[in-house]
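See below for the structure under consideration.
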Amino acid sequence: MIIVLKPDSTAAEIGAVIARVQESGATPHPIYGIERTVVAVVGETRHVDREAFLKMPGVEKITSISAPYKLASRESHPDDTVIKLNGLRIGEREIVIMAGPCSVESRSQLLETAHAVKEAGAHILRGGAFKPRSSPYSFQGLGLKGLEILAEARELYGLYIITEVMTPQAVPLVAEYADILQIGARNMQNFGLLHAVGRVQRPVMLKRGMMSSMEELLMSAEYILAGGNYNVMLCERGIRTFEKYTRNTFDLNAVPVLKQLTHLPIIADPSHATGRWDAVPAMALAAVAAGADGLMIEVHPRPDEALSDGPQSLKPERFAETLRRVKRVAEAVDRTLSTVPAEALPLRSPAPADAHAPLA
Ligand code: PEP
Ligand code: MN
């Protein structure tokens with residue numbers, strides 16, 4: 001349920017409502033909007049007495065949230081969530097571009113790619129240091145060394161970093177290096193991991209599982225929000241169907257439909273969605289036309305030599321050309337590509353203290 005406060009409610013009145021929700025055994029999640037505050041009440045709500053809340057000063061009305069994903073739903077939070085990374089804002093009119101290799105393979109490979117994607121206009125550098133591979137014999141990533149290389153590229157080129165975290169135990173370490181924590185498709189329902197990233201304040205990009213419905217994706221996001229981390233974005237990366245000519249089937253429907261169901265930013269990943277570089281540019285354009293708030297695109301200087309996902313990686317020149325076209329489509333749908341002011345780039349805030357808290 002949602003307790004809607006009057007537009008002129010005072011901080012003390014809001015505080016009293018929050019305290020009373022806690023006394024009833026439920027969990028309050030206050031959402032401070034531009035015009036008014038609402039308190040989403042989740043968890044154990046059996047002992048919450050609606051009538052008593054209605055009589056409290058500052059309370060206007062009480063409504064129910066019909067969706068099972070209470071905090072992720074638009075009903076609880078009509079305004080779009082905007083994730084702020086120093087100067088970069090994700091979830092507004094400006095579209096953000098995440099690009100880089102599937103895996104960090106070596107220092108030279110990553111720096112070469114970082115330089116190229118920055119020149120082309122990307123804002124966020126991607127690269128896996130811990131790789132979820134279908135085969136235990138495939139390249140598993142460089143681990144800590146990979147994180148260190150990403151951190152170096154970050155400083156050299158002024159790019160934010162997104163990289164995957166695969167286990168709850170690794171969350172504090174990855175949160176030290178990354179600006180955004182990526183939860184991969186294979187881990188979308190790793191609830192221990194979702195709990196762990198819910199307890200840090202680093203933004204999280206949650207990828208849709210290859211066999212997961214939109215509702216399951218939203219329920220997974222709910223775990224992170226319920227843990228207290230509201231900086232969550234979702235990523236459509238294709239789902240498994242009977243089709244064999246593409247690696248996955250890009251569920252473009254998910255972009256406009258998720259935008260209606262949730263306030264969280266939606267990123268599209270045409271690389272994993274198609275599995276083939278020759279289809280990536282067209283699907284990147286389509287995703288922007290459909291309303292995506294950002295793109296994630298795999299780029300490798302020599303895709304033939306890539307240790308993972310070479311067949312779907314764009315060469316830098318093709319990536320640059322794709323972004324030029326993405327810009328034109330963005331303008332056609334009243335959006336622009338983000339331009340981060342240079343002075344806002346250099347450093348993210350240090351990893352928050354609770355990133356180091358022992359895991360329950
Ligand atoms: C990736 O981003 O390289 C990746 C492994 O993606 P997904 O989890 O969507 O397969
Ligand atoms: Mn990949």
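Every number for a ligand or one of its atoms is a count from 1 in the order of the listing. These numbers were taken from a predicted model, which means no experiment stands behind them.
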Query raised in the report: Hey, which N, O or S atom on E298 ends up closest to the Mn ion (ligand 2)?
Result: OE2
Query raised in the report: Of all the N, O or S atoms in D309, which one sits nearest to the Mn ion (ligand 2)?
Result: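 So the atom name we want here is OD2.
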Requested in this report: Could you find the nearest protein heavy atom to atom 9 (O) of ligand 1 and give me its residue, atom name and distance?
Outcome: R237 NE, 2.6 Å
Report task. Can you pull out the closest protein heavy atom to atom 4 (C) of ligand 1? Residue, atom name and distance to 0.1 Å, please. Result ->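 Scanning the protein heavy atoms, the shortest distance from atom 4 (C) of ligand 1 goes to H272 NE2, 3.4 Å.
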**Report entry** Any K131 heavy atom less than 4.0 Å from ligand 1
**Finding:**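 So K131 counts as touching ligand 1.
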Query raised in the report: With a 4.0 Å cut-off on heavy atoms, is C102 touching ligand 1?
Result: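 Judged by the 4.0 Å heavy-atom criterion, C102 does count as contacting ligand 1.
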Query raised in the report: Less than 4.0 Å between a side-chain N and a carboxylate O, is that true for R247 and D309?
Result: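 Yes, charged N to carboxylate O under 4.0 Å.
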Report task. In plain terms, say whether E51 and K55 are close enough for a salt bridge, that is, a side-chain N and a carboxylate O under 4.0 Å apart. Result ->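 A salt bridge is absent here (no side-chain N lies under 4.0 Å from a carboxylate O).
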Query raised in the report: Among R126, R186, E164, M296, which residue places a heavy atom closest to atom 2 (O) of ligand 1?
Result: R126
Query raised in the report: Can you name the closest pair of heavy atoms from V326 and V288 and give their distance?
Result: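 Heavy atoms only, the tightest pair is CG1-CG2, 3.9 Å.
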Hey, which atoms in ligand 1 end up nearer than 4.0 Å to a heavy atom of [X]?
{"X": "A185", "result": "7 (P), 8 (O), 9 (O)"}
{"X": "G184", "result": "8 (O)"}
{"X": "E298", "result": "3 (O)"}

Query raised in the report: Between the side chains of Y230 and H77, is a donor N or O closer than 3.5 angstrom to an acceptor N or O?
Result: no
Report task. Ignoring hydrogens and angles, state whether a donor on the side chain of E298 or H272 is under 3.5 Å from an acceptor on the partner side chain. Result -> yes
Report task. State yes or no: do V48 and V38 share one hydrophobic cluster built from I, L, V, M, F, W and Y residues joined by side-chain heavy-atom distances below 4.5 Å, directly or via other members? Result ->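 Each belongs to a different hydrophobic cluster.
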Query raised in the report: Any N or O of Q182 that comes nearer than 3.5 Å to an N or O of ligand 1?
Result: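 N/O-N/O distance under 3.5 Å: yes.
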Query raised in the report: Got an N/O contact under 3.5 Å between K207 and ligand 1?
Result: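 There is such a contact, yes.
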Query raised in the report: Within a radius of less than 6.0 Å around CZ of R318, do more than 12 heavy atoms belonging to other residues, nucleotides or ligands occur?
Result: no
Query raised in the report: Would a line drawn from the ring center of Y157 to the ring center of H115 be shorter than 6.0 Å?
Result: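 That pair passes the under 6.0 Å test.
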